[in-house]
Protein chains: 2
Amino acid sequence: MLCPFRQACRHACGDSALPLAPGRLRLRAGDVLYTQGRPALAVYPVRTGGLKQVYESRLGWRQVSGFYQCGDVCGLEANEPATHNASAVALQDTECCAIPIEALHGSLADPGLRTAILANLRRQANRQAELLVAIGSMKASQRLAMLLLDLAAEQVRRGITDGGLTLAMTRNDIASYLGLTLETVSRLLSRFRSVGLITVRHRKLRIVDPDGLADVHADPDRVALRESVE
Amino acid sequence: MLCPFRQACRHACGDSALPLAPGRLRLRAGDVLYTQGRPALAVYPVRTGGLKQVYESRLGWRQVSGFYQCGDVCGLEANEPATHNASAVALQDTECCAIPIEALHGSLADPGLRTAILANLRRQANRQAELLVAIGSMKASQRLAMLLLDLAAEQVRRGITDGGLTLAMTRNDIASYLGLTLETVSRLLSRFRSVGLITVRHRKLRIVDPDGLADVHADPDRVALRESVE
DNA sequence: CGCAGCTTTGAGTGTGATCAAATACGGTGG
DNA sequence: CCACCGTATTTGATCACACTCAAAGCTGCG
């Protein structure tokens, strides 16, 4: 059995983001911000765009383990001795800052920055744990509903509340993240649409019925119920 | 659909381990060392026995997210503001130390202790990531083989190399940890035994063919192959 | 315009969940 | 010491969910 995450990572000329350039970094879709196993030299707050975190296991199985958007800080997953234990790959045109870790140690004195960093760390840890439970014991429809609600909550956190969002990632990325196949994700999105929970067209998605999605997240049979009602 | 992890946690008179007793703590099977959501007051290196880490998601789904044995440090999963984001429950009679976090900050000056703590952190983070990939995209037999190899490696790390190990956790705990059902775990153990990879009797387990297990970890079809060969 | 990658949809299959029952074990009290 | 009970484990039969294989459509880019 091959690794189900089939998408090859396009490494842009080594690590395209030369790590120590001060200030902003500009990435294009597919560019690698940093690579698992390499020394961690900086952390990267995201200004615009989006990235995926990709973990590669000892046996070479790759899986998307997180998504980064504006306001998230990439590179915090590194552990001592300072080595990244996941890679970050841009999903679209992306800009981020680079804060060298020496500078980071100083910045942590600033209470505002510190709480921001810690909040990021906690959010990522919680998401990781929730993801584990989701993949470990929830049905496919529940997992997808969870992701959509998470993405929507992110939007709200940064002030956009109209329920419309643009998926930066492919179906394959979503599938890998949720421990599913891309076909299943595609089918479920269609099903959610057909029962009136969302509208989707390619990467444009709108959550029509957040409460309904929350119901599905809590109990996957709700989708079937809605189907018969509709 | 109910939470598939059906086992109730027996809370021993609140948090039975009064957190600030200096030195050793003594727990019996089922006792709760600390509870998710409560303030993190200390970290707990394990001296003898074993514990499980249990995470409860926002919707109340419980899942075993790790196992602690002698040499592991419980409580490091806490994040600022200092709150445990998982619970720890003893699997058997267990002794551990309690290092209050104020004392911890001092101890980190000691290079030996610091590297020990950091090594623990890294090991736990890696295991978490490997587990995510395993649950997300590996077959049941691969996941179980992975766990058995991990447990065996732990034994080796502490000097016992005869391949015999005692499972402190129930089949249900294993199943929850691997994102399976207890029936599947039981069946797989029987299958592994019938093809000569291991011997099992209740909690006593011996790895007969480590290379064979590694093969199964890499490719689940190997079990079937061995079946026909045998 | 043509190609490559992403997405959708369909049909069939298999793994692991579910439901169910029998057995073995460990602790407790008579 | 033995009988008993609750819990853990094993094993069987059946079924559904999600995977696999396959083909066609859509999109964007060169």
Side-chain angles (χ1 to χ4, degrees), chain A residues 1-10 28-30 91-93 134-144 166-176 178-194 198-205 216 219-221 223-224 227, chain B residues 1-10 28-30 91-93 134-144 166-176 178-194 198-205 216 219-221 223-224 227:
Chain A
M1 183 195 206
L2 287 175
C3 174
F5 185 50
R6 303 175 191 105
Q7 183 175 343
C9 280
R10 159 156 54 101
R28 299 197 317 172
L91 294 166
Q92 56 186 160
D93 289 353
I135 295 183
S137 50
M138 300 195 342
K139 303 267 192 204
S141 53
Q142 296 178 280
R143 303 184 211 173
L144 184 58
T166 301
L167 302 173
M169 65 296 277
T170 68
R171 301 286 188 266
N172 206 2
D173 290 329
I174 296 175
S176 172
L178 297 176
L180 301 169
T181 57
L182 77 170
E183 294 98 328
T184 300
V185 170
S186 177
R187 265 185 259 269
L188 282 173
L189 285 173
S190 300
R191 186 128 145 269
F192 284 1
R193 180 181 48 199
S194 80
I198 60 174
T199 61
V200 232
R201 194 173 156 69
H202 315 301
R203 304 294 180 87
K204 289 287 181 196
L205 189 145
V216 172
D219 176 2
D221 299 335
V223 186
E227 216 158 42
Chain B
M1 181 196 206
L2 289 174
C3 172
F5 185 51
R6 302 173 191 108
Q7 183 173 343
C9 281
R10 159 156 54 102
R28 299 196 317 171
L91 294 166
Q92 56 186 157
D93 289 354
I135 294 183
S137 52
M138 302 196 338
K139 303 268 191 199
S141 53
Q142 295 178 282
R143 304 185 211 172
L144 184 57
T166 301
L167 302 174
M169 66 295 277
T170 67
R171 301 286 188 267
N172 205 4
D173 290 328
I174 296 175
S176 172
L178 297 176
L180 301 170
T181 58
L182 76 171
E183 293 97 327
T184 299
V185 171
S186 178
R187 264 185 260 271
L188 282 174
L189 285 174
S190 300
R191 186 130 144 266
F192 284 0
R193 181 180 46 198
S194 79
I198 60 174
T199 60
V200 232
R201 192 174 160 66
H202 313 303
R203 305 293 181 88
K204 289 289 179 193
L205 189 146
V216 172
D219 176 2
D221 298 335
V223 186
E227 218 157 39

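Each chain gets a letter, A, B and so on, in the order the sequences are listed, and its residues count up from 1.
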Whole angstrom is fine here: how far is it from [atom1] in [X] over to [atom2] in [N]?
X: A:Arg28; N: D:dC29; atom1: CZ; atom2: C1'; value: 12 Å
X: B:Lys204; N: C:dA24; atom1: NZ; atom2: C1'; value: 17 Å
X: A:Leu180; N: D:dC19; atom1: CG; atom2: C1'; value: 10 Å
X: B:Leu189; N: D:dT11; atom1: CG; atom2: P; value: 10 Å
X: B:Leu91; N: D:dA8; atom1: CG; atom2: C1'; value: 14 Å
X: A:Asp173; N: C:dT7; atom1: CG; atom2: C1'; value: 13 Å
X: B:Leu178; N: C:dA17; atom1: CG; atom2: C1'; value: 15 Å
X: B:Gln142; N: D:dC19; atom1: CD; atom2: C1'; value: 14 Å

When you measure from the side chain of A:Arg203, which nucleotide among D:dT9, D:dC21, C:dC6 comes out closest?
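Closest nucleotide to the A:Arg203 side chain: C:dC6.
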
Which nucleotide in the list D:dA22, C:dC6, D:dT9 gets nearest to the side chain of A:Glu183?
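Nearest nucleotide to the side chain: D:dA22.
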
As an exercise, state the distance from [atom1] of [X] to [atom2] of [Y], rounded to the nearest 0.5 Å.
X: B:Ile198; Y: B:Leu188; atom1: CD1; atom2: CG; result: 9.5 Å
X: A:Arg191; Y: A:Thr184; atom1: CZ; atom2: OG1; result: 11.0 Å
X: B:Leu180; Y: B:Lys139; atom1: CG; atom2: NZ; result: 12.0 Å
X: A:Leu205; Y: A:Arg193; atom1: CG; atom2: CZ; result: 10.0 Å

[X]: side-chain hydrogen bond (donor to acceptor under 3.5 Å, both in side chains) partners, not counting sequence neighbours:
X: B:Ser186; value: none
X: B:Ser141; value: none
X: A:Thr166; value: A:Lys204

Would A:Asp173 and A:Ser176 count as having a side-chain donor-acceptor pair, cut-off 3.5 Å?
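No, no side-chain donor-acceptor pair sits under 3.5 Å.
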
Between N or O atoms, less than 3.5 Å apart, protein on one side and nucleotides 13-17 of chain D on the other: list the pairs.
from   : atom 1 : to       : atom 2 : distance (Å)
D:dA13 : N6     : B:Arg187 : NH2    : 3.4

Does A:Thr199 have any side chain to side chain contact (heavy atoms under 4.5 Å, CB included) partners at least two apart in sequence or in another chain, and if so, which?
A:Arg206, A:Val208

For B:Arg171, all residues meeting side chain to side chain contact (heavy atoms under 4.5 Å, CB included), sequence neighbours excluded:
B:Leu167, B:Leu182, B:Val185, B:Leu189, B:Val200

Please check the phosphate of D:dC19 (OP1 and OP2 only) for any side-chain N or O of A:Thr184 closer than 4.0 Å.
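True: A:Thr184 side-chain N/O within range (under 4.0 Å) of D:dC19 OP1/OP2.
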
According to a strict under-4.0 Å criterion, is B:Ser186 in side-chain N/O contact with OP1 or OP2 of D:dT9?
no

Taking the side chain as C-beta and beyond, is there a heavy-atom pair between A:Val216 and A:Leu144 under 4.5 Å?
no

Just how large is the angle between the end axes of the helix from C:dC1-D:dG30 to C:dG30-D:dC1, five pairs per end, to 10 degrees?
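Rounded value for the end-axis angle: 40°.
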
Please tabulate, one pair per line, each protein N/O and nucleotide N/O from nucleotides 24-28 of chain D that are separated by under 3.5 Å, including the distance.
from   : atom 1 : to       : atom 2 : distance (Å)
D:dT27 : OP1    : A:Arg201 : NH2    : 2.3
D:dT27 : OP1    : A:His202 : NE2    : 3.0

Closest approach of B:Arg203 to B:Ala168 (non-hydrogen atoms, all atoms of both residues)
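Residues B:Arg203 and B:Ala168, closest heavy atoms: NH1-O, 3.2 Å.
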
